[in-house]
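Below is one structure; the comments refer to it alone.
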Amino acid sequence: MSMYHRISRLQIVLIISLSFGGVFAQAPVDKQLDDAISSLRNVAIDRLSDTQKNTKAKEIDESWRYLIASGSKGSLRLKQEIEKVDASRERDDFFKLNATVVLWNI
């Protein structure tokens with residue numbers, strides 16, 4: 001097989017990958033959505049005091065309400081963030097658990 005055929009196949013695979021993966025990249029920018037998702041990211045519950053836990057719980061509740069009320073926009077943005085976490089091989093189980101609950105409610 002020539003180098004030309006290998007490059008062509010690689011280009012085809014890349015184009016197909018970008019076509020399917022690009023769906024999430026098209027989510028419109030919404031600062032409130034980004035803030036709501038940010039409040040769910042990288043939460044270390046075991047490192048928070050009781051007061052901080054109560055404050056964080058209220059923040060998470062507000063984020064859930066906003067994301068659920070956002071409907072398909074919230075769903076799309078959450079899926080985009082999950083894809084980002086997975087692509088970076090980052091471990092953020094707390095976020096994924098919250099995202100799952102919110103997506104279920106949407």
Decide if atom NZ of Lys56 counts as having more than 12 heavy atoms of other residues, nucleotides or ligands within a radius under 6.0 Å.
yes
Under 3.5 Å, side chain of Ser38 to main-chain N/O of Asp34, donor-acceptor pair present?
no
Heavy atoms only: give me the nearest [X]-[Y] pair and the separation to one decimal.
{"X": "Ile37", "Y": "Arg77", "answer": "CD1-CG, 3.2 Å"}
{"X": "Ile106", "Y": "Gly74", "answer": "CD1-C, 4.2 Å"}
{"X": "Phe94", "Y": "Leu40", "answer": "CD2-O, 3.9 Å"}
{"X": "Ser75", "Y": "Leu103", "answer": "OG-CD2, 3.5 Å"}

Side chain proximity check, [X] to [Y], heavy atoms < 4.5 angstrom:
{"X": "Trp104", "Y": "Ile68", "value": "no"}
{"X": "Phe95", "Y": "Ile82", "value": "yes"}
{"X": "Val43", "Y": "Asn98", "value": "no"}

Is it the case that one hydrophobic cluster holds both Leu97 and Val102, taking links as side-chain heavy atoms less than 4.5 Å apart, direct or via other members?
no
If two hydrophobic side chains count as joined below 4.5 Å and joins carry through other members, does Leu33 share a cluster with Val101?
yes
Quick one: which residue pairs count as a side-chain hydrogen bond (donor to acceptor under 3.5 Å, both in side chains) with a foot in residues 39-48, not counting sequence neighbours?
Ser39-Ser63, Arg41-Glu81, Arg41-Glu90, Arg41-Asp92
Do Arg65 and Asp61 sit within salt-bridge range, that is, some charged N less than 4.0 Å from a carboxylate O?
no
Which is it for Glu83 and Gln80 under the side chain to side chain contact (heavy atoms under 4.5 Å, CB included) test, yes or no, and what are the steps along the way?
CA-CA 5 Å; Glu83 186 178 81; Gln80 181 185 40; 5.5 Å; no
Pairs flagged by salt bridge (Lys or Arg N to Asp or Glu O under 4.0 Å) wherever residues 93-103 is involved - sequence neighbours left out:
Asp86-Lys96, Arg91-Asp93
Stepwise, does the side chain to side chain contact (heavy atoms under 4.5 Å, CB included) test hold for Asp30 with Lys73?
CA-CA 9 Å; Asp30 180 329; Lys73 279 181 17 180; 3.3 Å; yes
